Enquirer: 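Below is the structure I would like to discuss, written out as structure tokens.
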Amino acid sequence: MAQDFEAFKSTIEKEFLGHPVVVDNKYCRWFRQGDFSVAHTRHFVQQFSVFSNLFLIAALNRVINADTLESARESKEILMNELGVIYRKRRADDSRASEEARVAAESATDPALVSTEGTVDGGTFRFPAAHFEWLLKIGEVLGLSFGDMGKRRHGSQSTLFFCDELNRLYGSDDYNAAQGASFAVENWAAAGFWQDLIAGPDSIKKRELPNLPLAFFTFHDKIEGQHREHVWDELRECFSNERFDQKAFVRAGVEMLDGVKVFWDGLYDDAVKAGELEVAVA
Ligand SMILES: [Fe+2]
């Protein structure tokens with residue numbers, strides 16, 4: 001059994017951690033250099049807002065389709081935090097932080113200040129703590145209003161493909177599809193792309209958009225840093241589940257990462273079409 005798990009781990013390392021979107025994301029590599037216009041920043045934020053909002057549907061389906069109450073609750077932690085419930089630190093986590101810092105992090109709605117650890121259970125709901133509202137603040141600086149963001153009609157074909165794959169796989173009622181997709185998404189997020197999404201906007205902020213808020217991105221980077229610690233434990237748990245089917249798990253994960261790749265490649269193609277970057281013709 002232990003040996004089987006080690007073999008499964010290497011399959012995962014190859015298929016997920018070695019997936020092109022994880023090891024060779026040309027959009028993020030370009031984006032992190034920050035050499036793009038305000039118009040592209042606007043396009044990027046708009047497409048991201050569509051993903052952010054449509055993700056809520058996949059996340060709710062994940063709660064509904066969870067196989068145990070415990071995993072329904074874990075999924076709900078993500079969904080409710082997205083919607084604006086601020087994480088509240090569990091008593092055991094409190095010892096390091098001062099009472100003052102804890103209260104500040106649990107009542108703030110600004111992504112720069114808000115708590116990145118704990119549980120939504122007993123946490124406070126605040127409208128402005130919704131991740132989508134943080135994106136609206138970024139949009140404001142770029143001339144995007146509420147009516148310009150987060151709706152299906154604002155999504156490009158590739159963005160919508162990705163969102164639909166998220167719902168089909170991550171939100172699936174099939175145990176292996178949902179677990180494989182979820183594990184793949186965590187690998188994708190842990191691969192460090194949030195840092196690219198901080199670096200790019202940071203340089204256009206310095207250059208042209210001094211009021212551009214960056215905390216949406218730094219908040220998510222911090223959250224992902226914590227997820228990364230539990231990933232292998234979760235995998236081991238899934239591996240010992242009676243419904244676990246390795247082939248179906250891996251297939252769904254790879255399909256999910258293919259969907260993620262369509263999203264980033266779509267943004268890359270849009271940037272090329274808009275003349276944002278020169279592509280060497282072979
Ligand atoms: Fe979020």
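Computed from a prediction, not measured in an experiment: that's the story for all the values here. For ligands, and for the atoms within them, numbers begin at 1 and follow the listed sequence.
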Enquirer: Between Phe8 and Phe244 (judged by ring centroids, cut-off 6.0 Å), do the two rings come close enough to count as a pair?
Expert: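 Yes: the rings meet the under 6.0 Å criterion.
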Enquirer: Specify the closest pair of heavy atoms between Val114 and Ala108, including all atoms of both residues, with the distance to one decimal.
Expert: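 Shortest heavy-atom separation between Val114 and Ala108 comes out as CG2-O, 3.3 Å.
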Enquirer: Provide the closest heavy-atom pair for Ile204 versus Phe36 in the form atom of the first, atom of the second, distance.
Expert: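 Shortest heavy-atom contact: CD1-O, 3.4 Å.
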Enquirer: If every non-hydrogen atom of Ile86 is compared with every non-hydrogen atom of Asn81, which pair is closest and at what distance?
Expert: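 Where Ile86 meets Asn81 most closely, the heavy atoms are CA-ND2, 4.4 Å.
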Enquirer: Considering all heavy atoms of both residues, which atom of Ser49 and which atom of Gln46 are nearest to each other, and what is their separation?
Expert: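 Of all heavy-atom pairs spanning Ser49 and Gln46, the closest is OG-O, 2.6 Å.
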Enquirer: My understanding is that a hydrophobic cluster links ILVMFWY residues whose side chain heavy atoms are under 4.5 Å apart, including indirect links. Using that, what else belongs to the cluster containing Ile57?
Expert: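 Same cluster as Ile57: Val50, Leu54, Leu160.
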Enquirer: What protein atoms of element N, O or S are positioned under 2.8 Å from the Fe ion (ligand 1)?
Expert: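 Listed by chain and number, the nearby protein N, O or S atoms are Glu82 OE2, His131 ND1, His220 NE2.
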